[in-house]
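Written out below as structure tokens is the structure these notes cover.
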Amino acid sequence: MPWRAPPGAVPDPYRVWLSEAMLQQTTVAAVIPYYERFVSRFPDLGALAAAEEAAVMEAWAGLGYYARARNLHACARRVAALGGFPRDLAGLRALPGIGPYTATAIAAIAFGVPGVPVDANVVRVAARIGAVTAPLPGARAAIEAVATRLGEDPAARARPGDFAQALFDLGATICTQAAPTCVLCPWREGCAAHRAGIAADLPRKAPKPARPSRFGAHFWLEDAAGQVLLRRRPARGLLGGMLELPGTAWRDAPWSAAEALALAPVAASWRHAGTVRHGFTHFTLTIEVYAARVATIGEAAGMARPVAGLGAEALPSVMRKCAAVAVEETAG
DNA sequence: AACTCGTGGAT
DNA sequence: TATCCAAGAGT
């Protein structure tokens with residue numbers, strides 16, 4: 001992993017922080033290319049603090065949970081003003097985007113402060129070692145207590161960063177979700193769930209409610225110069241601060257073509273380009289994409305951007321799907 | 001305390 | 001195809 005310091009090297013707090021922010025609720029495989037591009041574009045804290053927020057949103061586009069990007073930028077400016085990262089838990093915890101997990105992880109990995117950052121890997125490992133059979137999320141406190149106890153071992157306290165990352169690695173490679181490879185586990189003798197034969201059944205989780213459906217319509221308005229109309233979403237909330245194709249609200253019922261086209265950014269010869277389905281955390285979204293060509297975008301609300309440059313814009317994945325459907329229809 | 005907030009890969 | 005899930009934080 002590109003953010004991990006070689007043995008014996010002193011970790012760069014900026015890179016530790018950046019990687020932990022990107023890894024929140026996000027898989028390692030998804031983060032690696034974003035991390036590489038981000039470090040290349042913003043090589044150090046000063047570069048990030050000096051950047052415009054819009055540039056940060058561009059670099060984050062597609063990674064999801066965009067509040068992380070806004071908080072990252074705000075945090076960079078705060079830390080730059082402080083002259084560097086706080087080296088203690090309370091100081092880190094007070095920064096935007098740094099919660100209990102990330103504060104503990106940065107403190108341990110970058111500064112050698114004892115403590116166990118409890119991510120999903122550690123939850124799984126600790127639930128099994130301690131044989132916590134109560135279901136999440138209620139069992140969270142009991143599992144964290146097990147993790148904290150593991151971190152009190154003198155060897156763990158001597159190398160908190162290595163201990164934390166070793167737990168991550170154990171959870172990622174051996175103590176996995178579906179089929180843990182207990183036969184290869186260096187900890188199997190000390191694992192209460194393995195001794196009881198229930199390792200693969202832990203941690204237990206309460207069932208989650210079904211995701212509701214929502215519906216919207218978005219508009220691809222392209223001019224003769226090869227530009228398309230975009231607009232910026234409100235600064236907070238879902239996809240906050242990101243760009244989008246202009247569109248309707250997302251509601252509980254589908255939009256008829258007539259309903260949708262009444263809300264189009266301009267009167268034009270709109271064609272139905274296709275349908276996009278996208279799963280968010282709390283609902284599934286179905287978008288009808290309409291496309292039209294005009295000579296000039298003119299006075300329509302928003303900003304005209306070259307179609308050829310959309311790859312570098314701050315477009316979330318759902319809007320990239322819409323753009324792809326429109327471009328495909330336009331070409332065909 | 002309970003909700004909100006993305007995405008793509010694994011199963 | 002549908003569901004689950006990941007190095008969680010903010011409100």
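Computed from a predicted model, the values in this text were never measured in an experiment. So you know, we letter chains A, B, ... as the sequences are listed, proteins then strands, and number each from 1.
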Beyond-backbone contact of A/Tyr65 with A/Trp60, side-chain heavy atoms, under 4.5 angstrom: no
Practice task
Report whether A/Trp3 and A/Tyr14 are members of the same hydrophobic cluster (ILVMFWY, side-chain heavy atoms less than 4.5 Å apart, transitive linking).
Solution key: yes
So the contacted stretch of DNA chain B, first to last nucleotide with an atom under 4.0 Å from a non-hydrogen atom of chain A, runs from B/dT4 to B/dG8
The side-chain hydrogen bond (donor to acceptor under 3.5 Å, both in side chains) partners of A/His278 (sequence neighbours excluded) come to A/Lys321
Across all chains, not counting sequence neighbours, the salt bridge (Lys or Arg N to Asp or Glu O under 4.0 Å) partners of A/Asp44 are none
The salt bridge (Lys or Arg N to Asp or Glu O under 4.0 Å) partners of A/Asp12 (sequence neighbours excluded) come to A/Arg15
Original post:
Is A/Arg37 positioned over the aromatic face of A/Tyr34, cation under 6.0 angstrom from the ring centre and no more than 45 degrees off axis?
Top reply: yes
Note: contacts of residues 197-209 of chain A with DNA chain C (heavy atom, under 4.0 Å) are A/Lys205, A/Lys208
Could you work out the separation of B/dT4 and C/dA7 based on their P atoms and round it to a whole Å? 24 Å
Here the pair of heavy atoms bringing A/Ala142 nearest to A/Val132 is CB-CG1, 4.2 Å
With a 3.5 Å cut-off and sequence neighbours excluded, list the donor-acceptor pairs that the side chains of residues 296-305 of chain A form with protein atoms.
none

Under a 4.0 Å heavy-atom cutoff, the residues of residues 143-177 of chain A touching DNA chain C are A/Phe168, A/Gln177
By nearest-nucleotide position on DNA chain B, the 5'-leaning member of A/Ala178 and A/Arg68 is A/Arg68
Q. Do we see a donor-acceptor contact under 3.5 Å between the side chains of A/Arg124 and A/Asn121?
A. yes
Within residues 104-121 of chain A, those residues having any heavy atom closer than 4.0 Å to DNA chain C are A/Asp119, A/Ala120, A/Asn121
For A/Leu263, the other hydrophobic cluster members (4.5 Å side-chain criterion, sorted by chain and number) are A/Phe215, A/Trp255
Discussion item. I'd like to check A/Leu230 versus A/Leu310 (side-chain heavy atoms, cut-off strictly below 4.5 Å). Are they in contact?
Written reply: yes
Students should find that the nucleotides of DNA chain C closing off the region near chain A, any atom under 4.0 angstrom from a heavy atom, are C/dC5 to C/dG10
Quiz item: So what does A/Met242 touch, heavy atoms closer than 4.0 Å: a base, only the sugar-phosphate, or nothing?
Solution: nothing
| query | Within the structure shown, what part of the strands sits under 4.0 Å from A/Gly62 by heavy-atom distance: base, sugar-phosphate, or nothing? | reply | sugar-phosphate
ask   = With sugar-phosphate meaning primed atoms plus P, OP1 and OP2, does A/Leu63 contact a base, only sugar-phosphate, or nothing at under 4.0 Å between heavy atoms?
value = base
Could you check whether A/Thr26 gets within reach of a base, just the sugar-phosphate, or nothing at all, counting any heavy atom under 4.0 Å? base
### Message
Base, sugar-phosphate or nothing for A/Trp60? Non-hydrogen atoms, less than 4.0 Å.
### Response
nothing
- Message: For a quick check of understanding: with a heavy-atom distance under 4.0 Å over all strands, which category does A/Val318 fall into, base, sugar-phosphate or nothing?
- Response: sugar-phosphate
By side chain to side chain contact (heavy atoms under 4.5 Å, CB included), A/Pro135 pairs with (sequence neighbours left out) A/Arg204
Heavy-atom nearest nucleotide on DNA chain C taken for A/Arg124 and for A/Ala103; more 5' hit belongs to A/Arg124
In short, A/Arg195 meets A/Glu189 closest at the heavy-atom pair NH1-O, 3.0 Å
- prompt: Have A/Gln24 and A/Tyr101 got a donor and an acceptor in their side chains that come within less than 3.5 Å?
  reply: no
* Asked: So what does A/Ser19 hit on the nucleic acid, given a heavy-atom distance under 4.0 Å: a base, only sugar-phosphate, or nothing?
  -> nothing
Ranking A/Arg93 and A/Glu20 by the position along DNA chain C of their nearest nucleotide, the one closer to 5' is A/Glu20
Next on the checklist: Measuring only between side-chain heavy atoms, which start at C-beta, is A/Leu221 closer than 4.5 Å to A/Trp270?
Outcome noted: yes
The salt bridge (Lys or Arg N to Asp or Glu O under 4.0 Å) partners of A/Arg233 (sequence neighbours excluded) come to A/Glu244
